[in-house]
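A short write-up of the structure that comes next.
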Amino acid sequence: MRKYFIGLLSLLLVVSMLPLSSSAAQTQEPDVELWNAVKPLDTTVTFLNTGAHPDDERSDFLAYLSRGLGVKTASMIANRGEGGQNEIGNELGNGLGIIRSREMIEAAKITGVTAYHLSETTNDAIYDFGFSKSPDETLSKWDKDVAYERLIRFIRTYQPDIVMPSFRNSPTQHGHHRAMEILSEKAFEDAADPSVYPEQLKEGLSVWQIKKLFLPAESKDTATTSIEIGMYDPIYQMSYPQLGEASRYMHKSQGMGNDIPVAPRQTHLELLYSAVDTNNSNELFAGVPYDFAAWAKTLPKNANSLSVQYTKLQEQLESIIDSYPDRDAVFTQSQKALKDVLRLQKKTENAKLDDELKTDLLHKLSLKEEQLQEASFVSSSLDVTAEAESTVLTKGQDTTVTVTLENNGSQKLEHLNVELLAPEGWAITSKAKDSDLAPGKTATLTFDVAVPEDADFYHAYKEPVLQAKVSYKNKGASVEQVKQLEGTIAVLPDAAVTLNPEDIIVNTANVQDEIPVTAKVKNYFNGASQAVVSLKAPEGWDVEPKSATVDFSSQFEEKEVAFTLSPPKGIQPGDFNIDAEVAVNGKTFNSTIQEISYDHIGTFYYQYPAQVNGVAFELLTNDNLKVGYIDSGFDLVADYLSNAGMNITKLTEADLATADLGQYDTIVVGIRAYLSRADLIANNARLLKYVEDGGHLVVQYHKPNDGWNKDTTAPYPLTIGNVSIKWRVTDENAKVNVLQPESPLFNYPNKITDSDWDHWIQERGLYYPMAWGPEYQTFVSMADPGEDAFDGGILMANYGKGTYLYTNLVFYRQIQGQVPGGYRIFTNLISYGAQE
């Protein structure tokens with residue numbers, strides 16, 4: 001009988017996970033927007049997931065909590081992911097951080113989660129400096145006190161009932177992940193301690209006791225509780241793990257997202273700390289009041305009247321949910337519940353209750369007020385469109401914002417009003433007054449906006465400068481919602497300069513007579529203008545022309561100016577900068593605007609100083625060397641080598657398929673090119689034939705799943721290391737032992753010394769090969785502190801008449817980071833064989 005019962009339960013679970021048949025499904029499509037608004041009324045629980053990088057969120061579980069149960073859920077992520085890799089473009093550093101931050105926000109919209117970051121600006125103290133194997137290293141580089149103060153501040157503001165870090169503090173984990181677990185665990189007590197960051201309390205925040213802190217369990221056997229989350233949801237027409245994967249697909253720069261079937265899936269959690277009485281229950285919410293009916297039971301006997309009102313409020317909220325998908329019913333009941341919540345807030349404030357209990361109740365009521373306002377707004381079917389005349393503004397500019405309101409519902413919205421929110425100092429004028437809007441009617445409001453001369457320039461991590469606050473009344477209850485304008489509204493310089501190249505080297509072995517630099521000037525001013533652009537070089541340099549004038553007839557027009565730089569013949573080794581300035585409309589600007597635009601996130605901007613970053617050092621090259629480069633789109637190495645004076649040709653699909661590859665002394669494969677170029681995989685046999693016929697092929701680092709076949713991609717077996725944390729050297733200063741110092745790789749055309757391994761940035765190498773055939777020779781050995789050394793950083797084998805070289809050392813970061821040793825060593829790698 002027991003076996004039959006368990007089998008029946010299993011069958012019921014599987015059936016609950018399957019989509020309804022067409023005959024059983026509702027004839028109308030689910031009103032997802034309305035359900036998203038009403039489902040959170042079901043519970044008062046708040047949940048916080050903490051992590052280190054965008055894409056660290058536990059998407060499947062958060063989708064279950066937020067969309068499945070209605071739990072108010074957030075992800076607090078430490079940094080912006082600036083140190084990661086980019087699978088959709090060549091943005092790195094802060095540009096990549098902007099992409100990953102926006103991907104996180106877009107992903108969170110799918111799962112109903114709110115995304116937050118501890119990192120507040122570009123080049124923040126809590127910066128993603130690259131892979132770390134140690135939480136101690138992470139917290140020292142982040143400035144532990146800055147990170148922890150911000151985390152405590154956030155917890156006291158957001159006030160989560162339950163906190164769950166995404167990762168355990170385990171040696172198998174990234175040091176950033178471990179650091180966030182350590183801080184989250186420590187915050188369990190400290191957020192409730194008034195002696196911890198007391199200045200926050202003086203600012204108006206209150207201490208907050210997290211009720212429970214969970215960790216992802218190491219296994220099902222060690223779990224305190226296991227939760228089935230694989231159910232199919234007919235509203236979203238997918239399971240919660242599928243919903244989570246839909247959100248992960250938004251992390252395109254990291255190559256996230258998978259297509260998965262509807263199937264059972266459990267989340268296993270370990271309860272680490274609890275501040276509540278769980279009554280010996282292992283359930284996730286045990287000891288945490290789930291709704292206002294449960295909160296009513298926590299009230300003392302002398303507050304019986306208050307207890308009754310909380311119970312009735314929960315019944316109202318459940319009734320609103322039960323009214324789905326009737327928008328009229330939801331609207332009417334939400335308006336009434338809003339008034340009741342406000343009355344209950346006043347009664348709770350005046351009640352004689354324990355301070356902690358009163359704080360909890362008032363917090364839950366404020367959250368429910370926000371959720372009811374959202375439910376009212378959605379069910380009103382008020383469509384709001386807010387657009388600026390131009391999404392790009394400049395200081396001192398006048399513009400117009402138009403807000404269109406269309407009442408697509410059946411309820412009259414009284415005292416409908418729109419207020420344009422802007423920073424202090426902005427002048428906003430409008431003739432519009434609040435008025436009623438009947439069903440089926442449309443209203444258009446216009447606002448004149450004057451941008452002050454001292455306005456702040458756009459920053460991707462700040463609140464939008466213009467937002468529309470829409471409010472109305474109905475049946476005595478007021479509702480207001482803040483809506484974003486179409487597109488990204490950005491205050492930018494009147495003109496900006498993009499330099500090409502942005503990084504140059506001066507070869508002290510053969511100082512160039514002339515270095516060409518192109519200045520692309522873009523007009524962001526709304527109208528015609530004249531700009532004068534100039535370059536400011538160090539003493540001893542010649543710049544021609546001294547300056548150049550360009551005329552613009554319209555906004556967004558671009559003009560290019562060609563400059564020639566002549567360095568002094570006796571230039572000394574070291575770094576130097578060449579600054580660009582553009583004078584326009586009586587003002588001088590010295591910024592570059594990096595425009596970042598992708599379909600899945602929109603358009604954003606990164607502003608940084610317009611300058612050429614230079615370094616002078618000795619770089620010996622073979623002038624006759626002819627190099628073909630298979631560009632992956634993920635690195636700029638080919639451009640940098642060309643700018644250094646080498647003969648580099650980027651190979652097209654047609655080149656790989658049909659051209660005579662034998663014309664090249666060396667062919668270089670860009671980082672992860674087997675991922676981004678299907679034609680490379682298709683023509684890999686031609687590359688191996690090129691080597692067999694006497695060519696020299698240099699392949700840069702790849703991940704195991706980048707289209708790499710361990711048996712056939714290289715001429716002999718070569719297995720890329722997996723998991724990644726094990727097969728990398730993160731210490732950029734790790735001692736490098738050259739195993740074959742007599743090899744031409746370290747002697748031609750540059751004599752490589754220990755100094756060439758100095759000043760590397762971010763790391764030495766990643767995804768070190770974990771196995772390779774006996775045909776390969778090894779040339780360098782290095783290790784992170786306390787670990788065994790890797791000797792596969794440079795592998796080379798003879799194949800036929802030619803040579804095949806694979807390196808997982810991050811030369812692309814060194815070359816693009818202007819590290820002299822990176823240039824010199826890589827030049828030797830691609831020059832192998834030319835010494836003959």
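Between the side chain of T46 and the backbone N or O of V71, no donor-acceptor pair lies under 3.5 Å. Not one N or O on the side chain of E480 forms a donor-acceptor pair closer than 3.5 Å with the backbone of V470. A donor-acceptor contact shorter than 3.5 Å links the side chain of S66 to the backbone of T111. Judged by distance alone, with hydrogens and angles left aside, the side-chain atoms of N279 form no donor-acceptor pair with the main-chain N or O of S281 at under 3.5 Å. Side-chain N or O atoms of Q242 include one that pairs as donor or acceptor with a backbone N or O of S239 at under 3.5 Å.
By the neighbour-count criterion of 12 heavy atoms within 6.0 Å, atom NZ of K358 is densely surrounded, having more than that number from other residues, nucleotides or ligands.
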Taking only distance into account, with no hydrogens and no angle test, what donor-acceptor pairs under 3.5 Å do side-chain atoms of residues 55-62 form with protein atoms, sequence neighbours excluded?
unit_1, atom_1, unit_2, atom_2, d
D55, OD2, R100, NH2, 2.8
D56, OD1, H177, NE2, 3.3
D56, OD2, A52, N, 3.0
D56, OD2, H53, N, 2.7
D56, OD2, H53, ND1, 3.1
D56, OD2, H177, NE2, 3.1
E57, OE1, D55, N, 3.2
E57, OE2, H251, NE2, 2.8
R58, NE, S166, O, 3.0
R58, NH2, S166, O, 2.4
S59, OG, R248, NH1, 2.7
D60, OD2, R265, NH1, 2.8

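For the 3.5 Å distance criterion, the side chains of N282 and T224 fail to qualify, holding no donor opposite an acceptor. Using modelled atom types, one finds a donor on one side chain and an acceptor on the other under 3.5 Å when comparing K347 with Q309. With no hydrogens or angles considered, no side-chain donor-acceptor pair links E349 and Q345 at under 3.5 Å.
Taking 4.5 Å as the limit, some side-chain heavy atom of Q484 sits within range of a side-chain heavy atom of P464.
Relative to the six-membered ring of Y240, R67 misses at least one condition, a distance below 6.0 Å or an angle of at most 45° to the axis. Cation-pi check for R80 over Y461 is met; the charged atom lies under 6.0 angstrom from the ring centroid and within 45 degrees of its normal.
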*Applying side-chain contact (heavy atoms from CB on, under 4.5 Å), run through Q373 and S334 and close with a yes or a no.*
CA-CA 8 Å; Q373 294 226 2; S334 295; over 6 Å; no
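Between the CD atom of Q209 and the CG atom of D360 there is a distance of 10.0 Å, given to the nearest 0.5 Å.
Taking the charged nitrogens against the carboxylate oxygens, D124 and R150 do have a contact shorter than 4.0 Å, which makes a salt bridge.
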